[in-house]
Amino acid sequence: MSDSETMPPATAAEAPGSAPALPKEALEIASGYAFAGPALDLGALLWDGVCLPDAQVRIPLPMLNRHGLVAGATGTGKTKTLQLIAEQLSAQGVPVFLADIKGDVSGISAPGQPGDKVRSRSQEVHQGWTATGFPAEFYALGGIGHGIPVRATVTDFGPLLLSKVLQLNQTQEQSLGLIFHYADTKGLELVDLKDLRAVVTFLTSDEGKPELKNIGGLSTATAGVILRSLTAFEAQGMADFFGEPEFDTADLMRTASDGRGMVSVLELPAVQDRPALFSTFLMWLLADLFHDLPEVGDADKPKLVFFFDEAHLLFHDASKAFLDSITQTVRLIRSKGVGVFFVTQTPKDVPGEVLAQLGNRVQHALRAFTPDDQKALKATVKTFPNSAYDLEELLTGLGTGEAVVTVLSEKGAPTPVAATRLRAPESLMGPIEPAALYEAVKSSPLHGRYAQAVDRESAYEKLNATRGAKGPDEMTEPPKTTPKATPKAKEDPSVVEQVVGSGMFKSLARSVGTQIGREITRSIFGTARRKR
């Protein structure tokens, strides 16, 4: 008979790890998770292949702002782990943000379906499973897909993040930073991409070149690359993301009427083939939160926990400035009450300086089919504290819904490494019906605020109106009829040249210290947020 069969059922009064039947090594591990304060229950300890339900593995609630990593090969249960943690955070009044790349996280809003697998798992880990849905809002980038549209102005998105989206090199990134600096100081608000295009064109015109002469200038070749990148970006249908009304990240911090934390789900299936956009946008959300939130120090519970799915996409081909900004944002946002969990396949996907900030680790199974897999496995083992397990063997033998865990204790020290059979989520493990998702979006109190795009008069529109110029959709089209030729010394300037060469444009461009210009400040990541 196994150890688990001889143990009496756990009772509410029993402290985790207190059952005398636990083997000595397992008892030592379990004692590291016997927290006195509020905590999230992950599951039960595994030792010698046996599940020990009286040894519960947990994360202290106050330590969730110390960041974390959920890793593992495809199909090992990472998404269900996110769901499990998100549910318990919501239940304890903590708002959660989740990126739903594959479209299977929306089920968190609906009660789960009982079945043999759920019943078996809950019995194994002594979980009192109850089918429960959690309060959720659904968003979509620029309204692409099902969700409340999320937009940002070009000014607030900033040069570093925009450079990542446009896949610019370091020189081009620096030049784009110069363009933003100029627009900020001159009070030229960049609401959408046509505003940025107009400023770039102006700064490479005869009238605009002197404006940047004392700070390096903007080469015609670099400006051309930036403009072509903008055109390619727009051709992918992504221009709608930039504009107004701009999303207020304070909406991610809400709680429901019953006190549970709101789960904000960003629906990304419609843009999953544009990883540079959605991964960079997630970083914009974090940078914006960092810019706006006050310091809170060590709180009883986080203000928000942010799950950054497919995290490797954020770091792929990133410039040094971009990586430095990520590192600094992750390091400092903890003191503002925000916890960040990166979700990816192996710890190798995350740069060392960022990985060092991730105190809570849930590592699902890894595969070792190739030499590269073997290398990744060995590198992963080295990132864990010393362990009573043979981690190299254990990590390749874990089943779906099992993981190796180490977290920060209430005192901030790493807990012993614990192989864990995880609990089952109580919400639906899969997507909700499209009709239910549509109804949830339409009935949201935020839908009326963000659903309709607003193209208010910004610099571009005002200038075009004063010149009687064509609209932005007509600018790249040749005229349908050729006007009669008239004597002239040189060719007529293009519409953009007319706009940026106009007296009003020059007057606006030189009006330093306008209300907009005075209120723009940029954070670590180069994002901007004006006073609301």
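Here the closest non-hydrogen pair linking Pro95 and Arg254 is CG-O, 3.4 Å. Shortest non-hydrogen contact noted between Ser90 and Gly261 is OG-O, 2.7 Å. Scanning all heavy atoms of the two residues, the minimum distance from Ala223 to Thr204 falls at CB-CG2, 3.3 Å. Closest of all the heavy-atom pairs between Phe308 and Leu314 is CZ-CD2, 3.6 Å. Heavy-atom minimum distance, Arg367 versus Thr76: NH2-CG2, 3.5 Å. Between Leu323 and Pro351 the shortest heavy-atom distance is CD2-CG, 4.2 Å.
At distances below 3.5 Å, not a single donor-acceptor pair connects side-chain atoms of Thr153 with backbone N or O atoms of Val191. With hydrogens and angles disregarded, no donor-acceptor distance shorter than 3.5 Å links the side chain of Glu173 to the backbone of Lys164. In this structure, Asp373 contributes its side chain and Thr370 its backbone to a donor-acceptor pair below 3.5 Å. Lys336 places a side-chain N or O within donor-acceptor distance of the main-chain N or O of Leu293, the cut-off being under 3.5 Å. With hydrogens and angles ignored, the 3.5 Å screen pairs a side-chain donor or acceptor of Gln172 with a backbone N or O of Asn169. Using modelled atom types, no side-chain atom of Thr249 and backbone atom of Leu285 make a donor-acceptor pair closer than 3.5 Å. Distance alone, capped at 3.5 Å, is enough to place a donor-acceptor pair between the Lys78 side chain and the Gly72 backbone. Under a 3.5 Å cut-off, the side chain of Glu137 and the backbone N or O of Ser444 do not form any donor-acceptor pair. Here the side chain of Ser229 pairs a donor or acceptor atom with the backbone of Val225 at under 3.5 angstrom. Side chain of Asp100 to main chain of Val105: a donor-acceptor pair is present (N/O by atom type, distance under 3.5 Å, no hydrogens or angles).
To the nearest 0.5 Å, atom CG of residue Leu98 and atom CZ of residue Phe138 are 10.0 Å apart. From Leu366, atom CG reaches atom NZ of Lys378 across 13.0 Å, with rounding to the nearest 0.5 Å. With rounding to the nearest 0.5 Å, the separation of OH in Tyr139 from CD1 in Ile148 is 5.0 Å. For the atom pair OG of Ser427 and CG of Leu84, the computed distance is 9.0 Å after rounding to the nearest 0.5 Å. In this structure, the separation between CD on Gln357 and CG on Leu332 is 9.0 Å, given to the nearest 0.5 Å. The distance from atom NZ of Lys442 to atom CG of Leu437, rounded to the nearest 0.5 Å, is 11.5 Å.
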Practice item. Dump the intermediate steps for side chain to side chain contact (heavy atoms under 4.5 Å, CB included) on Phe278 and Leu266, then the final yes or no. Key: CA-CA 10 Å; Phe278 69 71; Leu266 181 65; 5.7 Å; no
Practice item. Check step by step if side chain to side chain contact (heavy atoms under 4.5 Å, CB included) holds for His181 and Thr185. Key: CA-CA 6 Å; His181 172 73; Thr185 57; 3.7 Å; yes
Practice item. Please assess Val305 against Ile85 for the test side chain to side chain contact (heavy atoms under 4.5 Å, CB included), listing each intermediate value before the final yes or no. Key: CA-CA 10 Å; Val305 175; Ile85 297 174; 5.7 Å; no
Practice item. Give the intermediate values and the outcome of side chain to side chain contact (heavy atoms under 4.5 Å, CB included) for residues Lys320 and Asp324. Key: CA-CA 6 Å; Lys320 185 178 185 304; Asp324 288 346; 2.9 Å; yes
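Tyr450 is listed as a side-chain neighbour of Asp251, based on a closest heavy-atom distance under 4.5 Å. Contact of the Glu310 side chain with the Ser279 side chain is not registered, since no non-hydrogen atoms from C-beta on lie closer than 4.5 Å. Counting heavy atoms from C-beta outward, Leu69 and Thr344 have side chains that approach closer than 4.5 Å. When side chains are defined from C-beta on, Arg361 counts as touching Thr383, because their heavy atoms get closer than 4.5 Å. Between Phe342 and His67, the closest side-chain pair of non-hydrogen atoms is not below 4.5 Å. Counting only heavy atoms from C-beta outward, the side chains of Leu161 and Val165 never approach each other to under 4.5 Å. Proximity of Asn360 to Phe341: side-chain heavy atoms (C-beta onward) are separated by under 4.5 Å at one or more points. Here the side chains of Leu268 and Asp309 are not in contact, with every heavy-atom distance at 4.5 Å or above.
When each of Asp195, Thr222, Ile179 is tested with Val200 by the rule side-chain contact (heavy atoms from CB on, under 4.5 Å), just one qualifies, namely Ile179. Of the candidates Leu304, Leu446, Val96, Leu252, Ser264 forms a side-chain contact (heavy atoms from CB on, under 4.5 Å) with just one, namely Leu252.
Ionic pairing of Asp192 and Lys194 is present here: one or more N-O contacts between side-chain nitrogen and carboxylate oxygen are shorter than 4.0 angstrom. Under 4.0 Å is where a charged nitrogen must lie from a carboxylate oxygen, and between Asp248 and Arg449 no such pair does.
For Phe157 and Phe241, the ring centers are positioned less than 6.0 Å apart.
Residue His146 places its NE2 atom among 12 or fewer non-hydrogen atoms of other residues, nucleotides or ligands, all under 6.0 Å distant. Within 6.0 Å of atom CD in Gln236, more than 12 heavy atoms from other residues, nucleotides or ligands are found, so the atom counts as buried in its surroundings. Heavy atoms of other residues, nucleotides or ligands lying less than 6.0 angstrom from CD of Glu295 number more than 12.
Ring orientation note: the planes of Phe242 and Phe233 are tilted relative to one another, at an angle of 30° to 60°.
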